[in-house]
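To keep things clear, I will list the structure first and then write my remarks on it.
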Amino acid sequence: DARAERAIRRLPLLVRPLDLTDWAWHFKTDKWGGHWYTPHYERHLRHLRRQPITLLEIGVGGYDLVGEGGASLRMWERWLPRARIVGLDIEDKRWAAGGRIHVHQGNQVDATVLRAIVAEHGPIQVVIDDGSHRPEHIRETFRLLFPLLPDGAIYAIEDTQTSYWPAWGGSTDIDDPATTIAFVKDLLDGLHHEEMLIDRPSSEIDRTVRAVHCYHNLVVIEKGDNSEGTNKAAAAGDF
């Protein structure tokens with residue numbers, strides 16, 4: 001429970017190895033506490049921890065408040081000791097830059113901004129969309145950015161609960177095709193594009209999304225070759 005967790009986190013640091021949740025607590029990012037994302041991130045990113053990768057986080061935090069935000073950028077910098085950490089925010093958060101942290105100001109659906117970041121800092125192995133949380137922005141950012149990533153890249157979308165909230169561009173209709181969760185369902189269909197019996201041309205996204213992992217309010221997408229072949233023979237009873 002929460003009390004037990006707090007007690008564990010208060011143990012002297014030499015008693016146990018530091019994990020991503022420790023750094024989330026240390027820097028006071030809501031990736032643990034307000035949400036419970038850090039164990040999922042550790043599961044999907046631990047193989048990259050000692051690699052000289054580039055991580056892009058969309059949304060620095062702190063809204064338009066001067067000097068507020070940047071907690072998760074600092075968390076990533078400490079947990080990924082060889083990584084370049086890049087932040088993008090629509091507000092001017094460039095004050096948060098320093099060390100291995102780089103910060104850009106711009107709109108997450110501005111293709112020119114995204115291409116410039118990839119050109120300057122790429123290849124980008126990890127993307128975390130913690131931006132506006134509006135479905136239309138999430139979809140467009142993915143459409144623009146995912147094709148620019150290398151095979152093996154990890155693309156995470158946070159706070160997908162807004163898919164169900166009309167005030168955030170979501171919908172109370174779970175079958176609404178414009179929501180973030182509907183987009184994720186489309187990715188799942190695309191993951192199985194080779195098995196479809198209907199006339200549905202495959203897209204680049206279909207062919208390059210290798211896995212989709214769904215958690216409470218968090219989706220983690222792996223990029224890679226999705227051309228394993230088909231079991232369509234079973235549709236005719238020959239399996």
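Excluded from the calculations below are hydrogen atoms, water molecules and symmetry mates; all remaining heavy atoms, backbone and side chain alike, are included. The first residue of the sequence shown is numbered 1, and numbering continues consecutively from there.
- No side-chain heavy atom of Leu55 sits less than 4.5 Å from a side-chain heavy atom of Val86.
- Pro166 approaches Tyr164 most closely through the heavy-atom pair CD-O, 3.5 Å.
- Taking 4.5 Å as the limit, every side-chain heavy atom of Val209 sits out of range of all side-chain heavy atoms of Asn226.
- A donor-acceptor contact shorter than 3.5 Å is absent between the side chain of Glu222 and the backbone of Ala211.
- Residue pairs meeting the ring-ring contact (aromatic ring centres under 6.0 Å, His included) criterion with at least one partner in residues 43-83, sequence neighbours excluded, are Tyr41-Trp76, His44-His213, His44-Tyr215.
- Within 6.0 Å of CZ in Arg200 there are more than 12 heavy atoms belonging to other residues, nucleotides or ligands.
- Phe146 and Ile181 end up in different hydrophobic clusters when Ile, Leu, Val, Met, Phe, Trp and Tyr side chains are linked at under 4.5 Å.
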Intermediate values then yes/no, salt bridge (charged side-chain N to carboxylate O under 4.0 Å, His left out), Glu204 and Arg207: CA-CA 5 Å; Glu204 180 184 0; Arg207 296 187 295 271; over 6 Å; no
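- Across Leu191, Val184, Leu187, Ile205, a single residue satisfies side-chain contact (heavy atoms from CB on, under 4.5 Å) together with Ile221, and that is Leu187.
- Ile101 and Leu56 are not part of a single hydrophobic cluster, where members link through side-chain heavy atoms under 4.5 Å apart.
- Ile117 has its side chain within reach of Leu88: a pair of non-hydrogen atoms, C-beta onward, lies under 4.5 Å apart.
- Not one N or O on the side chain of Asp189 forms a donor-acceptor pair closer than 3.5 Å with the backbone of Asp186.
- Formation of a donor-acceptor pair under 3.5 Å by the Arg49 side chain with backbone atoms of Glu42 is not found in this model.
- Here the side chain of Asp176 pairs no donor or acceptor atom with the backbone of Asp173 at under 3.5 angstrom.
- Closest non-hydrogen pair, Glu194 versus Glu228, comes out as OE1-N, 3.2 Å.
- Ile138 and Val220 end up in different hydrophobic clusters when Ile, Leu, Val, Met, Phe, Trp and Tyr side chains are linked at under 4.5 Å.
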Check against side chain to side chain contact (heavy atoms under 4.5 Å, CB included), Asn217 and Tyr37: CA-CA 9 Å; Asn217 297 340; Tyr37 299 152; 3.5 Å; yes
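- The nearest pair of heavy atoms linking Arg50 to Pro81 is NH1-CG, 3.3 Å.
- Its side chain within the 4.5 Å cluster rule, Ile198 clusters with Met196 among the Ile, Leu, Val, Met, Phe, Trp and Tyr residues.
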From CA spacing to verdict: side chain to side chain contact (heavy atoms under 4.5 Å, CB included), Val60, Leu73: CA-CA 7 Å; Val60 174; Leu73 299 181; 4.0 Å; yes
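- The structure places CD of Glu136 at 8.5 Å from OG1 of Thr180, a figure rounded to the nearest 0.5 Å.
- Here the closest non-hydrogen pair linking Lys185 and Ile174 is NZ-O, 3.5 Å.
- Side chain to side chain, Ser163 and Thr179 meet the donor-acceptor criterion of an N or O pair below 3.5 Å.
- Ion pairing of Glu77 with Arg74 is absent here, as no side-chain N (NZ or NE/NH1/NH2) approaches a carboxylate O to less than 4.0 Å.
- Residues passing the side chain to side chain donor-acceptor pair (under 3.5 Å) test with Asp89, sequence neighbours excluded: none.
- Within the 4.5 Å cutoff, no side-chain heavy atoms of Leu20 are placed close to those of Trp32.
- Expressed to the nearest 0.5 Å, how far CG of Asp19 lies from CG of Asp22 amounts to 4.0 Å.
- Taking CZ from Arg134 and CZ from Arg139, the interatomic distance works out to 13.5 Å, rounded to the nearest 0.5 Å.
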Can you give the donor-acceptor pairs under 3.5 Å from side chains of residues 121-128 to other protein atoms, not counting sequence neighbours?
residue: His121; atom: ND1; partner: Arg84; partner atom: NH1; Å: 2.9
residue: His121; atom: NE2; partner: His104; partner atom: NE2; Å: 2.8
residue: Gln125; atom: OE1; partner: Thr54; partner atom: N; Å: 2.8

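- Using a distance-only test at 3.5 Å, with no hydrogens or angles considered, no donor-acceptor pair links the side chain of Tyr155 to the main chain of Leu145.
- For Ser227 and Asp225, the side-chain atoms include at least one donor-acceptor pair closer than 3.5 Å.
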Asn107 and Val113: CA distance, side-chain angles, deciding distance, side chain to side chain contact (heavy atoms under 4.5 Å, CB included) verdict: CA-CA 7 Å; Asn107 193 309; Val113 169; 6.0 Å; no
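- Between the side chain of Lys93 and the backbone N or O of Gly67 there is no donor-acceptor pair closer than 3.5 Å.
- Distance NE2/His133 to CG/Asp129: 8.0 Å, rounded to 0.5 Å.
- Counting only N and O atoms by type, the side chains of Thr38 and Thr21 include a donor and acceptor under 3.5 Å apart.
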Residue pair Gln161, Trp168: steps toward the side chain to side chain contact (heavy atoms under 4.5 Å, CB included) verdict: CA-CA 10 Å; Gln161 70 273 13; Trp168 290 74; over 6 Å; no
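- Under a hydrophobic-cluster definition in which Ile, Leu, Val, Met, Phe, Trp and Tyr are linked whenever side-chain heavy atoms come within less than 4.5 Å, directly or via other members, Met75 and Val103 are assigned to the same cluster.
- Side-chain atoms of Thr162 do not come within 3.5 Å of backbone N or O of Trp165 as any donor-acceptor pair.
- The two atoms that bring Leu148 and Lys223 nearest to each other are N-NZ, 4.4 Å, heavy atoms only.
- The distance from atom CG of Asp92 to atom CD of Gln105, rounded to the nearest 0.5 Å, is 4.5 Å.
- Among pairs with a residue in residues 171-199, those fulfilling ring-ring contact (aromatic ring centres under 6.0 Å, His included) read Phe142-Phe183, at least two apart in sequence or across chains.
- Residues Leu188 and Val219 are members of one and the same hydrophobic cluster, defined by side-chain heavy-atom contacts under 4.5 angstrom among Ile, Leu, Val, Met, Phe, Trp and Tyr.
- Applying the side chain to side chain donor-acceptor pair (under 3.5 Å) rule to Lys31 yields the partners Glu57, Asp130, Glu158; only residues at least two apart in sequence or on another chain are considered.
- Shown here for Leu114 and Gln108, the closest heavy-atom pair between the two residues is CD1-O, 3.4 Å.
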